[in-house]
Student: 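Provided herewith is a single structure, encoded as structure tokens, for subsequent inquiry.
Order of listing sets the numbers, starting from 1, for every ligand and every atom in it. Scope of the values below: all heavy atoms of this structure, side chains included, with no hydrogens, waters or symmetry mates. Residue numbers run from 1 in the order of the sequence given.
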Amino acid sequence: MILLPVDPLRPDPEALRRAAEVLRGGGLVAFPTETVYGLGAHALDPAAVERIYTAKGRPSYNPLIVHVADAGAARALASAWPDEAERLAGAFWPGPLTLVLPKHDSIPLSVTAGLPSVALRVPAHPVAHALLALAGIPVAAPSANRSTGVSPTTARHVARSLGERVDVIVDGGPCPVGIESTVLSLAGPVPTLLRPGTISVDDLRPVIGDVALPSSATEETAARPSPGMLDRHYAPRATVRILPHAERTRTLADAAQRVNEGMRVGALLLEDAGDRRIAPVVRMPDDPAAYAARLYAALHELDDAGCDVILIDPPPDAPAWAGVRDRLRRAATA
Ligand code: TXA
Ligand code: MG
């Protein structure tokens, strides 16, 4: 595996040209996007795409997002481009929004897990953008971690999870957004949110009108039409428990008691734990964007510290927190 460190804002074109060549030749390149690190492969080369599934241990029914440098390139990979796609691309690309559209024939079925639709994204990160522009090919890229693990927001997370399974890791520093893109389907009769992210339904509605949620039930119980929305996902090794509001003090005290019995209990908290035996504690920001940017690195840190249990304060109910709430709920699904 080759590690290529680059400046996140002004990446060296020579280093990226090397990585682009590996992609064009059918290799695997991990690279930073504004959300998380992606594990990229030539999206029109079925053998290269197959290597992604093998390296991640990803089930073949979970389709991949195809990344391109601009909206024009995305449009060429869809067999239909509704007005909503045009408006959303204008408002949010490049950026952390993925659009699911009817697929063009050129996209192999292994990319879409047999579906007639394809997920398309134009990332905003300068390194991702420059790499895609130099490669000049569509790049299929799931998060660069072993399947069901916590997504990587640094090159170190990628190296630890995938190691020699990847040919090149482009190290462009930590990912600024920190959780995966919002996924919106435009392939059905109404625009439907498949995965919440930092672009919320409150951001989408002014641009395209109403957005359907996966079901009328709350996001916590909804059955999701996106095939990759496995329940246990984004999960650390430790057992994750969301602290119940009403019984916070008692739950923390019970957990501290467990520490006396030899367990290691860490926490991601919005307020003080009030008990030194709970450690390490990561104090999380009370702003949703800052929280998202910190989340996966914090989970990796607590896993590295050998925590058996991670206690987490539930974030507020507002739509801006939907992406964070979704990832926490999944991390807590044993
Ligand atoms: O921020 C991101 O989106 C990151 C970076 C690397 O771009 N990528 C990412 O990829 O999160 P992945 O593979 O971890 O998640 C892709 C999600 C899955 O939930 C998958 O089911 C959904 O997108 N998806 C992909 N193609 C789809 C399709 N045709 N229809 C419905 N859902 C699809
Ligand atoms: Mg993933």
Side-chain angles (χ1 to χ4, degrees), residues 28-41 43 49 52-53 55-68 74 77-79 92-104 107-125 127-129 131-132 138-153 157-158 161-162 170 172 175-188 191-199 214 224-235 292-293 295-296 323 326-327 330-331:
L28 293 183
V29 174
F31 61 96
T33 78
E34 68 277 28
T35 58
V36 299
Y37 273 72
L39 178 63
V49 170
I52 292 180
Y53 285 94
K56 279 183 66 86
R58 182 176 177 109
S60 58
Y61 55 78
N62 190 357
L64 306 173
I65 297 174
V66 176
H67 298 64
V68 287
L77 298 173
S79 64
F92 298 109
W93 279 354
L97 175 67
T98 295
L99 297 179
V100 174
L101 288 154
K103 84 176 198 65
H104 188 270
I107 309 258
L109 283 168
S110 55
V111 169
T112 67
L115 294 173
S117 58
V118 63
L120 299 169
R121 167 156 139 72
V122 177
H125 196 295
V127 173
H129 182 267
L131 177 63
L132 291 166
V139 172
S143 51
N145 55 284
R146 303 269 295 150
S147 196
T148 78
V150 177
S151 295
T153 55
H157 297 156
V158 178
S161 180
L162 294 173
V170 180
C175 302
V177 171
I179 62 171
E180 299 81 354
S181 61
T182 302
V183 180
L184 183 77
S185 176
L186 298 177
T192 304
L193 185 74
L194 300 182
R195 178 174 72 185
T198 53
I199 295 176
R224 282 154 200 279
S226 194
M229 300 310 279
L230 309 174
D231 256 327
R232 180 165 171 82
H233 215 114
Y234 315 106
L295 176 60
Y296 289 153
D326 172 80
R327 301 312 186 277
R330 287 168 201 288

Student: Is there a donor-acceptor pair closer than 3.5 Å between any side-chain N or O of Thr182 and the backbone N or O of Ile199?
Tutor: yes
Student: For Ser143, is at least one N or O under 3.5 Å away from an N or O on ligand 1?
Tutor: yes
Student: Show me which atoms of ligand 1 lie under 4.0 Å from any heavy atom of Leu194.
Tutor: 31 (C), 32 (N)
Student: What about Arg121: any of its N or O atoms under 3.5 Å from an N or O on ligand 1?
Tutor: yes
Student: Considering only heavy atoms of Glu180, which atoms of ligand 1 have at least one such atom less than 4.0 Å away?
Tutor: 1 (O), 2 (C), 11 (O)
Student: Salt bridge check: are Glu180 and Arg121 linked by an N-O gap of less than 4.0 Å?
Tutor: no
Student: Between Gly197, Pro63, Ala30, flag the one that comes closest to atom 24 (N) of ligand 1 by a heavy atom.
Tutor: Pro63
Student: With heavy-atom distances below 4.0 Å as the criterion, list the atoms of ligand 1 near Ala119.
Tutor: 25 (C), 26 (N), 27 (C)
Student: Hey, is the main chain of Asn145 close enough, under 3.5 Å, to the side chain of Ser143 for a donor-acceptor pair?
Tutor: no
Student: Could you report the tightest heavy-atom contact between Pro176 and His125, atom names first, then the distance?
Tutor: CD-CD2, 4.2 Å
Student: Sequence neighbours excluded, which residues qualify as side-chain hydrogen bond (donor to acceptor under 3.5 Å, both in side chains) partners of Thr198?
Tutor: none
Student: Take every heavy atom of Pro96, measure it against each atom of ligand 1, and state whether any distance is under 4.0 Å.
Tutor: no
Student: Report yes or no: does a heavy atom of Lys103 sit under 4.0 Å from some atom of ligand 1?
Tutor: no
Student: If you measure from atom 28 (C) of ligand 1 to every heavy atom of Leu115, Val111, Ile107, which option wins on shortest distance?
Tutor: Leu115
Student: Can you tell me how far OG of Ser60 sits from CG of Leu109, rounded to the nearest 0.5 angstrom?
Tutor: 12.0 Å
Student: So for ligand 1, is Tyr37 a polar contact partner (N or O within less than 3.5 Å, distance only)?
Tutor: no
Student: Sequence neighbours excluded, which residues qualify as ring-ring contact (aromatic ring centres under 6.0 Å, His included) partners of His157?
Tutor: His300
Student: Ignoring angles and geometry beyond distance, decide whether Thr33 reaches within less than 3.5 Å of ligand 1 through its nitrogen or oxygen atoms.
Tutor: no
Student: Is the distance between the Mg ion (ligand 2) and the nearest N/O/S atom of Ser147 smaller than 2.8 Å?
Tutor: no
Student: Backbone N or O of Gly114 within a donor-acceptor pair of the Tyr61 side chain at under 3.5 Å?
Tutor: no
Student: Which of the numbered atoms in ligand 1 are under 4.0 angstrom from any heavy atom belonging to Ala141?
Tutor: 6 (C), 8 (N), 10 (O)
Student: Counting heavy atoms only, name the option from Val36, Ile52, Thr35 that's nearest to atom 1 (O) of ligand 1.
Tutor: Thr35
